[in-house]
Each structure stands twice: as structure tokens, then as C-alpha cells.
Amino acid sequence: MTLNLFNQFASPFLLGVPLILIATIFPWFLSPSPSNRWLPNRLIAIQTWFSKTFTKQIFIPIGLLGHKWALILTSLMIFLLNINLLGLLPYTFTPTTQLSMNLGLAVPLWLATVLIGFRNNPTASLGHFLPEGTPTPLIPILIIIETISLFIRPLALGVRLTANLTAGHLLIQLISTATLTLLFLSPLVSSLTFITLLLLTILEIAVAMIQAYVFVLLLSLYLQENT
């Protein structure tokens, strides 16, 4: 039973080709490309409205130097949002349940924000390791603590996204299995379990959107701190 539960998180293969590549590339084909028409269709209008609203909300507190990241973070948000939502469909695979992929997104972007801070304002960046007014005996300890907290940030980004999506998928599989098992034993209990499954699916749709937003929001906060 344990193996069956966690088999859904293993990358499937088809003719020797890992399907995680297809699952990663496919969401980009769902995003409509801009057209040369005077009036865009509804899908492009919705995408444009979402991109503008998201960019405005994220980059208002960030200085002009950080506005160069608008395209990267907006694209990352749309990418994570599509992958998380598509992973809730039956017989699909969710690449963002893989810690390796999430760390592959978190570590380079976090490292870029840190390097930008050290390049543009090294004094302020180094000042984060030692708050002003720290007693002399606590200086070595605080430097170690702040260094550890700095390097934990990308790990926390990746683990948070992986853990939330993995837990949701496991709950959906457990409750759906219980619903099917109880269907012939106790139809009334099975109906209640099915209602719980529907409510959980709605919750997971919200979690998929929120986790994509939180991932990008935390990256924007790191960028704001270093610019």
C-alpha cells in the first residue's frame, strides 16, 4: 500500500523517454501567443490582465533596479501555476512534487538575488549578518545563525512547495481509494466521503495557486532586500 501511494510521485517513462520533460514543457503550449489584431480574444485579454495585475502587485515595493526581474518572476508564476493545476487532473504527473526540480528553480534565483546585493551594496548585505547594537560576546553566534538562515532560504522554498503539493496529492488518493472501497460496503458513508473528496479537491486547487504565488512572492522579497 505504501509503495502504491508514493508511486504517483515517480517520474513515468514512455518508450524510454521521461514524461517529466513533457509535463514541464506542455504548460508553455497552453499560454496563448500575442496576436497582431487590434482587439485580442478573451484568453489573451485574461492573460494580459493577470500579468499586469500580478506584476504591479509584486513590484510596487521593489526599487527600479529590481524591475528588471518582472519578466522572469511573472513567467515563473504562470509556469508554476499551470503545472500545479494540471497536476490535479487524473492520470497526470506533477513535476513540482519533485524536490530536485523545485530546488533547481529556487537555488539559482535565490543565489542571483544574493549576488546582486553583494555587487550593488556590499556594506548593507554584510550588515544583515550582524544587527546593530549586538553585544560583543554574541557576535560570533549571531553571524553563524544569520549565515545558516541565509542558506536555508532556498531549501525552505523548495521544501515548502514540494511538501504542500505532495501532502495534497496523498490525501486525494487516500480519500478516493476509501470512497471506492466503501461504495459497495456502505453507500451512505461512501457518499459522505465523496463529498469530502470534492471539498478537498477545491481546497487543493486553492493550494496549488497559493503555493505558486508564495514561491514567487518570497523570491521578490529576497530581491527587495538586496536591491
Side-chain angles (χ1 to χ4, degrees), residues 20-21 23-25 27-28 31 33-34 47-85 94-135 138-165 207-227:
I20 187 173
L21 297 177
T24 305
I25 296 173
W28 295 112
S31 301
S33 57
Q47 182 183 9
T48 304
W49 170 83
F50 173 79
S51 300
K52 289 182 178 180
T53 305
F54 172 77
T55 305
K56 182 179 179 180
Q57 183 176 0
I58 289 292
F59 287 91
I60 280 179
I62 301 178
L64 291 176
L65 187 62
H67 289 186
K68 300 176 182 178
W69 285 60
L71 180 61
I72 297 176
L73 294 185
T74 304
S75 301
L76 179 62
M77 174 66 186
I78 295 174
F79 175 67
L80 291 177
L81 186 62
N82 286 334
I83 281 186
N84 292 350
L85 292 178
T94 313
T96 43
T97 56
Q98 306 296 309
L99 183 60
S100 56
M101 175 177 173
N102 296 333
L103 288 180
L105 293 172
V107 172
L109 293 173
W110 163 82
L111 184 60
T113 60
V114 173
L115 294 179
I116 286 176
F118 278 107
R119 185 189 67 179
N120 295 332
N121 199 349
T123 304
S125 298
L126 291 174
H128 292 155
F129 292 96
L130 186 62
E132 187 177 356
T134 303
L138 296 179
I139 289 178
I141 299 176
L142 278 179
I143 291 178
I144 294 175
I145 292 175
E146 291 297 330
T147 303
I148 293 175
S149 66
L150 178 67
F151 284 98
I152 281 179
R153 285 180 174 183
L155 181 62
L157 276 178
V159 170
R160 180 185 294 105
L161 182 59
T162 304
N164 281 282
L165 295 181
V207 169
M209 295 187 289
I210 291 172
Q211 288 304 315
Y213 176 74
V214 168
F215 189 92
V216 179
L217 177 63
L218 290 176
L219 283 175
S220 70
L221 292 178
Y222 301 156
L223 179 63
Q224 179 184 354
E225 183 181 298
N226 288 284
T227 54

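Values below: all heavy atoms of this structure, side chains included; hydrogens, waters and symmetry mates excluded.
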Engineer: Report the distance from atom CG of Leu85 to atom OG1 of Thr94, rounding to the nearest 0.5 Å.
Structural biologist: 10.0 Å
Engineer: Any sub-3.5 Å donor-acceptor pair from Asn164's side-chain atoms to Arg160's backbone N or O?
Structural biologist: yes
Engineer: Can you measure from CD1 (Ile143) to CD1 (Ile148) and round to the nearest 0.5 angstrom?
Structural biologist: 12.0 Å
Engineer: Check each of Ile83, Asn84, Asn102 against Leu165 using the side-chain contact (heavy atoms from CB on, under 4.5 Å) test, and report the only one that passes.
Structural biologist: Asn84
Engineer: Flag yes if more than 12 heavy atoms outside Phe151 fall under 6.0 Å of its CZ atom; otherwise flag no.
Structural biologist: no
Engineer: How far does CD of Gln211 sit from OG1 of Thr96, to the nearest 0.5 angstrom?
Structural biologist: 10.0 Å
Engineer: Using the rule given for side chain to side chain donor-acceptor pair (under 3.5 Å), can you reason through Thr55 versus Thr74, listing the C-alpha separation, both sets of side-chain angles and the distance that settles it, and then say yes or no?
Structural biologist: CA-CA 7 Å; Thr55 305; Thr74 304; 3.0 Å; yes
Engineer: Any non-hydrogen side-chain atom of Leu161 less than 4.5 Å from a side-chain atom of Leu105?
Structural biologist: no
Engineer: Hey, can you pull the donor-acceptor pairs under 3.5 Å for the side chains in residues 214-222, sequence neighbours left out?
Structural biologist:
unit_1 : atom_1 : unit_2 : atom_2 : d
Ser220 : OG     : Leu217 : O      : 2.5

Engineer: To the nearest 0.5 Å, what is the distance between OG1 on Thr53 and CD1 on Ile58?
Structural biologist: 11.5 Å
Engineer: Could you go through the side-chain contact (heavy atoms from CB on, under 4.5 Å) check for Trp110 and Leu150 one step at a time?
Structural biologist: CA-CA 10 Å; Trp110 163 82; Leu150 178 67; 3.9 Å; yes
Engineer: Search all heavy atoms of Ala106 against all heavy atoms of Gly158 and return the closest pair with its distance.
Structural biologist: CB-N, 4.4 Å
Engineer: Within the structure provided, determine whether Leu109 and Leu157 are in side-chain contact (heavy-atom separation under 4.5 Å).
Structural biologist: no
Engineer: Are any of the side-chain heavy atoms of Ile78 and Phe54 separated by less than 4.5 Å?
Structural biologist: no
Engineer: Once you round to the nearest 0.5 Å, how far does NZ of Lys68 lie from CZ of Phe59?
Structural biologist: 12.5 Å
Engineer: Where do Ser149 and Glu146 come nearest, in terms of heavy atoms and distance?
Structural biologist: OG-O, 2.7 Å
Engineer: List the atom of Pro95, the atom of Met101, and the distance in Å for their closest heavy-atom pair.
Structural biologist: CB-SD, 3.3 Å
Engineer: One pair to check against side-chain contact (heavy atoms from CB on, under 4.5 Å): Trp69 and Ile62. What are the steps and the verdict?
Structural biologist: CA-CA 10 Å; Trp69 285 60; Ile62 301 178; over 6 Å; no
